[in-house]
Visitor: 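A single structure is presented below for examination.
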Amino acid sequence: AFAHLRGVPHVVIRVPVDLVDGADELFRRMARERGFEGRAVVLGEDDLGPGDVRIEWSDGGVTRNSHAVEAAISDALRASARTEPHGE
C-alpha cells in the first residue's frame, strides 16, 4: 500500500499488540523503500489476531483479516467440491 500512498501525510498501521515493536521497524523500512515520506504510526490492537493488519489513511484504508481470508478459502473449496463430478 505504501507505494500508492506517496502523497498522504500519515498512515496508521494497526497490528496485534504483541507485534508492535517488530512491526514498527518493518513498516518504517518498507515505507522508506517504497518512497513513502509521510509519518507512519504503528499501534497495537487487542482485537487483531496473528496475520491481521489494518492500514488507515485520511480517505481510505485496507484490512487483512485472517479469519475472513480463511472463511473465503473454505467457501471457495466447498463450492468447488459441489460442482466437481464425483466417481471418476
Side-chain angles (χ1 to χ4, degrees):
F2 289 115
H4 301 287
L5 297 174
R6 288 192 179 131
V8 174
H10 71 276
V11 296
V12 176
I13 303 149
R14 300 178 189 275
V15 299
V17 172
D18 57 336
L19 299 179
V20 170
D21 291 335
D24 186 57
E25 181 181 324
L26 174 66
F27 283 116
R28 289 180 194 282
R29 182 174 45 91
M30 289 172 57
R32 272 192 318 273
E33 290 172 357
R34 285 157 181 82
F36 178 75
E37 296 177 1
R39 182 171 174 233
V41 178
V42 177
L43 300 174
E45 295 286 328
D46 290 327
D47 66 331
L48 295 177
D52 294 348
V53 65
R54 284 194 307 260
I55 302 174
E56 304 163 340
W57 54 93
S58 60
D59 63 350
V62 64
T63 299
R64 183 187 187 284
N65 178 308
S66 59
H67 293 295
V69 171
E70 290 171 9
I73 291 169
S74 294
D75 291 347
L77 290 172
R78 278 193 296 278
S80 176
R82 286 192 300 267
T83 60
E84 290 182 10
H86 296 281
E88 291 184 30

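Along the sequence shown, residues carry numbers from 1.
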Visitor: Indicate yes or no for a side-chain donor-acceptor contact from Ser74 to the backbone of Glu70 under 3.5 Å, with no hydrogens or angles considered.
Guide: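 Yes, Ser74 side chain to Glu70 backbone: donor-acceptor pair under 3.5 Å.
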Visitor: Check residues 10-20 and write down every donor-acceptor pair under 3.5 Å in which the side-chain atom is one partner and the other belongs to a residue at least two apart or another chain.
Guide:
residue: Arg14; atom: NE; partner: Glu56; partner atom: OE1; Å: 2.8
residue: Arg14; atom: NE; partner: Glu56; partner atom: OE2; Å: 3.4
residue: Arg14; atom: NH1; partner: Glu45; partner atom: OE2; Å: 2.7
residue: Arg14; atom: NH2; partner: Glu56; partner atom: OE1; Å: 3.3

Visitor: Can you spot which of Asp24, Leu26, Asp21 makes a side chain to side chain contact (heavy atoms under 4.5 Å, CB included) with Val42?
Guide: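 When side chain to side chain contact (heavy atoms under 4.5 Å, CB included) is applied between Val42 and each of Asp24, Leu26, Asp21, only Asp24 qualifies.
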Visitor: Check Val53 against Phe27 and note the closest heavy-atom contact, atom names and distance.
Guide: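 Nearest heavy atoms, Val53 then Phe27: CG2-CZ, 4.1 Å.
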Visitor: Test of understanding: with salt bridge (charged side-chain N to carboxylate O under 4.0 Å, His left out), list the residues that count as partners of Asp75, not counting sequence neighbours.
Guide: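 Salt bridge (charged side-chain N to carboxylate O under 4.0 Å, His left out) check on Asp75 returns Arg78.
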Visitor: Quick one: name the residues clustered hydrophobically with Ile73, using the 4.5 Å side-chain heavy-atom rule over I, L, V, M, F, W, Y, and just say none if it's on its own.
Guide: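 Val69, Leu77, listed by chain and number.
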Visitor: Compare every heavy atom of Phe36 with every heavy atom of Val8, then report the nearest pair and how far apart it is.
Guide: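 Closest pair (atom of Val8, atom of Phe36, distance): O-CE1, 3.4 Å.
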Visitor: Quick one: CD1 on Ile55 to CZ on Arg64, what's the gap to the nearest 0.5 Å?
Guide: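 Nearest 0.5 Å value for the CD1-CZ distance: 11.5 Å.
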Visitor: Less than 4.5 Å apart, side chain to side chain, heavy atoms only: is that true for Glu25 and Arg29?
Guide: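 Sidechains of Arg29 and Glu25: no contact.
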